[in-house]
K.L.:
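Below: one structure in structure tokens.
Quick note: residue numbers are just sequence positions, from 1.
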Amino acid sequence: MALPQLTFDLPDWLQRQLQDQPAPVLTSPAAQVQFAIALSRQNVTHHTGGPFGAAVFDETGTLVAPGVNLVVSQGCSILHGEMVALALAQQVVGRHDLSEGGRHRYRLAVSAEPCAMCLGALPWSGIRELVYGALDQDVRAIGFDEGDKPAHWQQALERRGIQVTGGVLREEAVAVLHQYRAAGGQVY
């Protein structure tokens, strides 16, 4: 039995946006979440996926890898924005543990609180900080199934050395969720 190679492509608009440009340097968590929200908005506007964007930044604030939700457009349930950004970042730096055993500090900025799957990937990804916009309740309010997460998931991440900050630019992130729903975007 021949199996296909697992690949995914970032949308053309995102590839064009970053092509031949120096990597953006955004030093504040709010600016990085703003970038992730902008990715989510463009993903909705271009009809290339769900209303979720993410980005991995290094300790200087330099973008390592962007990510947008590609679940429906590429027919793969694991292609959430966070998973895409983390996978690309790991490819860029050449290792599965971005922190390289704690020697480096990477931040994952996300337009919305991670679902159960993305939450599960965070401890093994090597990120040392998570910052996000919309809350779980905001995402569920438009119909998305976020899965079951432990009640104290934030504290569990912090025990593992991952700093967590939520609700950054929440209203702006929620507006993109409503834009997606109003445009008839598929909720899964």
K.L.:
Report whether Val110 and Val174 are members of the same hydrophobic cluster (ILVMFWY, side-chain heavy atoms less than 4.5 Å apart, transitive linking).
P.N.:
no
K.L.:
Show your reasoning for whether ring pair (Phe, Tyr, Trp, His ring centres under 6.0 Å) applies to Tyr106 and Phe57.
P.N.:
CA-CA 6 Å; Tyr106 288 84; Phe57 295 90; over 10 Å; no
K.L.:
Take Leu10 and Val84 through the test side chain to side chain contact (heavy atoms under 4.5 Å, CB included) and record every step on the way to the result.
P.N.:
CA-CA 9 Å; Leu10 289 174; Val84 170; 3.8 Å; yes
K.L.:
So, taking the atom named CD1 in Ile162 and the one named CD in Gln154, what distance separates them when rounded to the nearest 0.5 Å?
P.N.:
12.0 Å
K.L.:
Provide the closest heavy-atom pair for Gly50 versus Tyr180 in the form atom of the first, atom of the second, distance.
P.N.:
CA-CE1, 3.8 Å
K.L.:
More than 12 non-hydrogen atoms from neighbouring residues, nucleotides or ligands closer than 6.0 Å to NE2 on His96, yes or no?
P.N.:
no
K.L.:
Hey, what do you get for OG1 (Thr48) to CG (Leu14), rounding to the nearest 0.5 Å?
P.N.:
8.5 Å
K.L.:
Ser40 and side chain to side chain contact (heavy atoms under 4.5 Å, CB included): which partner among Val176, Asn69, Thr45, Val68?
P.N.:
Val176
K.L.:
Passes side chain to side chain contact (heavy atoms under 4.5 Å, CB included), Glu113 versus Glu146? Steps please.
P.N.:
CA-CA 9 Å; Glu113 182 176 319; Glu146 295 297 279; 6.0 Å; no
K.L.:
Is it true that Val168 and Leu135 fall in one hydrophobic cluster, defined by side-chain heavy atoms closer than 4.5 Å?
P.N.:
no
K.L.:
If you take all heavy atoms of Val71 and Ser77, which pair is closest and at what distance?
P.N.:
CG2-O, 3.8 Å
K.L.:
Is there a donor-acceptor contact under 3.5 Å from the side chain of Thr27 to the main chain of Gly61?
P.N.:
no
K.L.:
Is any side-chain heavy atom of Leu70 less than 4.5 Å from a side-chain heavy atom of Pro11?
P.N.:
yes
K.L.:
Checking side chain to side chain contact (heavy atoms under 4.5 Å, CB included) for the pair Leu86/Leu98: CA distance, chi angles, key distance, verdict?
P.N.:
CA-CA 9 Å; Leu86 290 170; Leu98 292 171; 4.2 Å; yes
K.L.:
Applying the 4.5 Å side-chain criterion to the ILVMFWY set and letting contacts propagate, would Val56 and Val164 be lumped into a single cluster?
P.N.:
yes
K.L.:
Would you say Gln91 has more than 12 foreign heavy atoms packed within less than 6.0 Å of its CD?
P.N.:
no
K.L.:
Hydrophobic clusters here meaning ILVMFWY residues chained together by side-chain heavy-atom distances under 4.5 Å, can you tell me if Leu122 and Met117 are in one?
P.N.:
no
K.L.:
I'd like to check Val93 versus Asp58 (side-chain heavy atoms, cut-off strictly below 4.5 Å). Are they in contact?
P.N.:
no
K.L.:
Report whether Val139 and Tyr188 are members of the same hydrophobic cluster (ILVMFWY, side-chain heavy atoms less than 4.5 Å apart, transitive linking).
P.N.:
yes
K.L.:
Would a distance-only check, ignoring hydrogens and angles, find a side-chain to backbone donor-acceptor pair under 3.5 Å from Glu129 to Arg105?
P.N.:
no
K.L.:
Within the side chain of Arg181, is there an N or O that forms a donor-acceptor pair under 3.5 Å with the backbone of Ile142?
P.N.:
yes
K.L.:
To the nearest 0.5 Å, what is the distance between NE2 (His152) and CD (Glu158)?
P.N.:
12.5 Å
K.L.:
Side-chain contact test, heavy atoms from C-beta onward, threshold under 4.5 Å: evaluate it for Leu119 versus Leu157 and give yes or no.
P.N.:
yes
K.L.:
What pair of heavy atoms forms the shortest contact from Ala85 to Ala65, and how long is it?
P.N.:
O-CB, 3.6 Å
K.L.:
Has Ser73 got a side-chain atom pairing as donor or acceptor with Gly49's backbone, closer than 3.5 angstrom?
P.N.:
no
K.L.:
Rounded to the nearest 0.5 Å, what separation is found between the CG atom of Leu88 and the CZ atom of Phe8?
P.N.:
4.0 Å
K.L.:
Would you indicate whether Glu171, at its atom CD, is surrounded by more than 12 heavy atoms from other residues, nucleotides or ligands within a distance under 6.0 Å?
P.N.:
no
K.L.:
Mind checking whether Thr165 and Pro29 have side chains closer than 4.5 Å, heavy atoms only?
P.N.:
no
K.L.:
Please check this pair: side chain of Gln74 against backbone of Asp9, looking for a donor-acceptor N/O pair closer than 3.5 Å.
P.N.:
yes
K.L.:
Can you give me the closest heavy-atom contact between Gln32 and Leu26, atom names plus distance?
P.N.:
NE2-O, 2.5 Å
K.L.:
Salt bridge check: are Glu59 and Arg128 linked by an N-O gap of less than 4.0 Å?
P.N.:
no
K.L.:
If we only count heavy atoms from C-beta on, is the Pro24 to Phe35 side-chain gap below 4.5 Å?
P.N.:
yes
K.L.:
If I compare all heavy atoms of Leu177 with all of Pro51, which pair ends up nearest, and what's the gap?
P.N.:
CD2-CG, 3.8 Å
K.L.:
Side-chain contact test, heavy atoms from C-beta onward, threshold under 4.5 Å: evaluate it for Arg41 versus Glu172 and give yes or no.
P.N.:
yes
K.L.:
Using 0.5 Å steps for rounding, measure from the CD1 atom of Ile127 to the CD atom of Glu82.
P.N.:
9.5 Å
K.L.:
Might you point out which heavy atoms bring Phe52 and Asn43 nearest each other, and give the distance in Å?
P.N.:
O-ND2, 4.5 Å
K.L.:
Hey, is the main chain of Val33 close enough, under 3.5 Å, to the side chain of Tyr132 for a donor-acceptor pair?
P.N.:
no
K.L.:
Can you find a heavy atom in the side chain of Asp138 that is under 4.5 Å from one in the side chain of Phe144?
P.N.:
no
